[in-house]
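Note sheet for the following structure.
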Amino acid sequence: MKPLEIDSISKRYGDRLALDSLSFTVPPGELFGFVGSNGAGKTTTMRIAVGVLSPDEGAVRWGETPVTRQDSSRFGYMPEERGLYPKMTVAKQLIYLGRLHGMSSSEARASMNRWTERLRIAEHRDKTVDSLSLGNQQRVQLAAALVHDPDVLVLDEPFSGLDPLAVDDMSAVLQEKADQGVPVLFSSHQLDLVERLCKSVGVVRAGRMVAHGTLEELRSVDGDAKLYLEVESGDPQWPARCQAIAAFQAEDTGFLVAPAQGHDENDVLRSAMEHGRVRHMQWRRPTLTQLFRDLVEPAKGLAP
């Protein structure tokens with residue numbers, strides 16, 4: 001298998017710069033989470049990746065060469081807006097799409113049967129797409145992306161509108177494809193899910209990649225881990241009076257604090273004990289949701 005490389009792509013719509021020299025690579029066998037606010041450029045990037053749009057500048061490579069039309073036929077694409085024929089039955093639709101990708105009739109039918117079983121929509125094979133629930137339409141859309149056994153998967157908000165069981169089914173399928181060596185690129189606003197599934201993550205803001213790498217690498221952008229403390233105190237602003245604390249913010253039923261330079265957790269603990277009974281203290285690494293907020297809205301953070 002070969003990596004999918006997005007190399008310095010830019011795209012304008014009139015006077016609006018939708019993508020600004022955006023770059024990242026999805027290695028073979030890796031789930032890459034692509035996150036950002038609405039309108040940040042995720043969908044435009046994915047459409048360029050699969051050849052639906054062309055970049056104004058830059059290139060998409062599969063391996064060491066630019067993606068050709070023939071290459072893109074080996075990609076599986078799941079758009080955010082469902083791209084299915086609403087009045088066609090599930091079975092006919094999936095067989096038709098398999099045939100478009102060069103499969104024989106028997107191969108396409110066998111693949112349709114396999115994926116409708118795997119995604120728990122076999123009972124809906126003879127139903128039209130528009131008669132299904134939104135969640136089952138989403139399952140059919142994933143089956144459409146998988147029916148031709150693609151070598152690359154690009155999925156735009158694949159978990160949108162799914163119940164927990166469907167999320168588990170789709171997560172397992174994406175992990176299976178990655179285990180087979182397929183590079184899997186997907187976007188999602190469900191950051192806890194991205195954190196659970198992905199080895200690497202890219203955060204896009206206003207068409208530019210503001211951070212990408214492993215979760216550990218992204219956490220290093222946020223700085224050191226913070227201390228979480230719960231203190232029984234009559235002073236609700238006790239952290240502001242502790243010389244061992246450089247910055248703090250309210251979190252749950254306690255405070256998330258950053259030790260001041262030259263101080264460690266023992267100094268923070270001693271200072272906290274002067275203001276009340278310490279009921280709980282632990283180091284916390286930032287979650288992807290916290291990292292996302294800091295990267296997309298960098299002005300927000302701990303208060304000095």
Q) Checking side chain to side chain contact (heavy atoms under 4.5 Å, CB included) for the pair L142/M170: CA distance, chi angles, key distance, verdict? A) CA-CA 8 Å; L142 179 61; M170 190 166 292; 3.6 Å; yes
Q. Atom CD of Q93 and atom NZ of K87: how far apart are they, to the nearest 0.5 Å?
A. 12.5 Å
Q: Heavy atoms only: give me the nearest Q138-P158 pair and the separation to one decimal.
A: NE2-O, 3.0 Å
Q.
I need the L94 CG to N113 CG distance, nearest 0.5 Å.
A. 10.0 Å
Q. In terms of hydrophobic clustering (I, L, V, M, F, W, Y; side-chain heavy atoms under 4.5 Å; direct or indirect links), are L31 and V203 co-clustered?
A. yes
Q | R74 side-chain N/O to H148 backbone N/O, donor-acceptor pair under 3.5 Å | A | yes
Q | D151 and V182, any side-chain heavy atoms less than 4.5 Å apart | A | no
(Q) Using only atom types and a distance under 3.5 Å, with no angle test, would you say the side chain of R99 pairs donor to acceptor with the backbone of M103? (A) yes
Q: Compute whether any side-chain donor of one residue and acceptor of the other, for N38 and H189, lie under 3.5 angstrom apart.
A: yes
Q.
Are more than 12 heavy atoms, taken from residues, nucleotides or ligands other than Q243, located less than 6.0 Å from that residue's CD atom?
A. no
Q.
Whether D149 and K177 form a salt bridge (side-chain N of Lys/Arg under 4.0 Å from carboxylate O of Asp/Glu) is what I want to check.
A. yes
Q: Taking atom types as modelled, find out whether T43 and D156 have a side-chain donor-acceptor pair closer than 3.5 angstrom.
A: yes
(Q) Under a 3.5 Å threshold, yes or no: a donor from one side chain and an acceptor from the other, between H280 and Q282? (A) yes
Q) Roughly how far, to the nearest 0.5 Å, is the CE atom of M209 from the CG atom of L22? A) 4.5 Å
Q. Within a radius of less than 6.0 Å around CZ of R109, do more than 12 heavy atoms belonging to other residues, nucleotides or ligands occur?
A. no
(Q) Just so I know, are the side chains of T128 and P86 near enough to count as touching, which here means a heavy-atom distance under 4.5 Å? (A) no
Q.
Can a donor-acceptor pair be found, under 3.5 Å and without considering hydrogens, that links the side chain of T44 to the backbone of G41?
A. no
Q. Quick check: does any side chain N or O of S23 sit under 3.5 Å from a backbone N or O of S8, one acting as donor and the other as acceptor?
A. yes
(Q) Between the side chains of E80 and R47, is the shortest nitrogen-to-carboxylate-oxygen separation below 4.0 Å, so that they form an ion pair? (A) no
Q.
With a 4.5 Å cut-off on side-chain heavy atoms, are V60 and D7 touching?
A. no
Q) Would F34 and H212 count as a side chain to side chain contact (heavy atoms under 4.5 Å, CB included) if you check the C-alpha gap in whole Å, the side-chain angles of each, and the deciding distance to 0.1 Å? A) CA-CA 9 Å; F34 194 37; H212 77 282; over 6 Å; no
Q.
For a side chain to side chain contact (heavy atoms under 4.5 Å, CB included) check, start with the C-alpha distance between Q180 and Q175, then their side-chain angles and the critical distance, and finish with the verdict.
A. CA-CA 9 Å; Q180 294 167 12; Q175 188 61 63; over 6 Å; no
Q | Least distance between heavy atoms, P259 atom then L227 atom | A | CG-CD1, 4.3 Å
Q. Do V167 and V35 share a hydrophobic cluster (ILVMFWY, side-chain heavy atoms under 4.5 Å, transitive)?
A. yes
Q: Measure from the side-chain N and O atoms of S111 to the backbone N and O of E107, and report whether any donor-acceptor pair falls under 3.5 Å.
A: no
Q: Over 60° means perpendicular and under 30° means parallel, so classify the ring planes of Y85 and Y96, tilted if in between.
A: perpendicular
(Q) Could you report the tightest heavy-atom contact between P3 and P27, atom names first, then the distance? (A) CB-CA, 4.1 Å
Q: Using a 4.5 Å cut-off on heavy atoms from C-beta on, say whether the side chain of L153 contacts that of F186.
A: no
Q) Does L229 reach the side chain of F248, with side-chain heavy atoms less than 4.5 Å apart? A) no
Q | Plane angle bin for F32 and F24 - parallel if under 30°, tilted between 30 and 60°, otherwise perpendicular | A | parallel
Q) Can any side-chain N or O of D264 pair as donor or acceptor with the backbone N or O of D267 at less than 3.5 Å? A) yes
(Q) So, taking the atom named OG in S187 and the one named CG in L155, what distance separates them when rounded to the nearest 0.5 Å? (A) 8.0 Å
Q.
Any salt bridge linking R241 with D235? Criterion: basic side-chain nitrogen under 4.0 Å from a carboxylate oxygen.
A. yes
Q) If you look at every heavy atom in V67 and S72, which pair is closest and at what distance? A) CG1-N, 4.0 Å
(Q) Would you compute the distance between atom CG of L193 and atom OG of S188 and round it to the nearest 0.5 angstrom? (A) 5.5 Å
Q.
Any heavy-atom pair between the side chains of W115 and I121 that's under 4.5 Å?
A. no
Q | Over 12 non-hydrogen atoms of neighbours within 6.0 angstrom of CD in E57 | A | no
**Q.** Any donor-acceptor N/O pair, S10 side chain to S21 backbone, under 3.5 Å
**A.** yes
Q) Do T253 and E230 have side-chain atoms, one donor and one acceptor, less than 3.5 Å apart? A) yes
(Q) Using the rule given for side-chain hydrogen bond (donor to acceptor under 3.5 Å, both in side chains), can you reason through T68 versus D71, listing the C-alpha separation, both sets of side-chain angles and the distance that settles it, and then say yes or no? (A) CA-CA 5 Å; T68 65; D71 290 337; 3.1 Å; yes
Q) Just wondering, do V184 and E30 contact through their side chains at under 4.5 Å, heavy atoms? A) no
Q. Are L84 and L119 connected, step by step, through hydrophobic side chains (Ile, Leu, Val, Met, Phe, Trp, Tyr) whose heavy atoms are closer than 4.5 Å?
A. yes
Q: Take Y228 and W283 through the test ring pair (Phe, Tyr, Trp, His ring centres under 6.0 Å) and record every step on the way to the result.
A: CA-CA 6 Å; Y228 174 73; W283 284 106; over 10 Å; no
Q.
Tell me the closest heavy-atom pair linking Q141 and P79, and the distance in Å.
A. NE2-CD, 3.7 Å
Q) F159 and M46: same hydrophobic cluster, using ILVMFWY side-chain contacts below 4.5 Å? A) no
Q) Does a salt bridge link R125 with E117, judged by any charged N lying under 4.0 Å from a carboxylate O? A) yes
Q. When hydrophobic residues are tied together by side-chain contacts of less than 4.5 Å, even through go-betweens, does F75 share a cluster with L97?
A. no
Q. Could D126 and K92 be called an ion pair, given the rule that one side-chain N must be under 4.0 Å from one carboxylate O?
A. no
Q: Evaluate side chain to side chain contact (heavy atoms under 4.5 Å, CB included) for Q190 paired with V194, printing each intermediate quantity in order.
A: CA-CA 7 Å; Q190 295 168 257; V194 174; 5.8 Å; no
**Q.** Exceeds 12 heavy-atom contacts within 6.0 angstrom, atom CE of M1
**A.** yes
(Q) To the nearest 0.5 Å, what is the distance between CD1 on I6 and CD1 on I48? (A) 8.0 Å
Q) Under 3.5 Å, is there a donor-acceptor pair between the side chain of K11 and the main chain of S54? A) yes
Q) Looking only at heavy atoms, what is the nearest atom pair of A272 and C242, with distance? A) N-SG, 4.4 Å
Q) Donor-acceptor pair, K42 side chain versus V204 backbone, under 3.5 Å? A) no
Q: Would you mind reporting whether L4 and V154 have side-chain heavy atoms less than 4.5 Å apart?
A: yes
Q. Can any side-chain N or O of E251 pair as donor or acceptor with the backbone N or O of L256 at less than 3.5 Å?
A. no
Q) Is the shortest distance from a Lys or Arg side-chain nitrogen in D20 or R208 to a carboxylate oxygen in the other one below 4.0 Å? A) yes
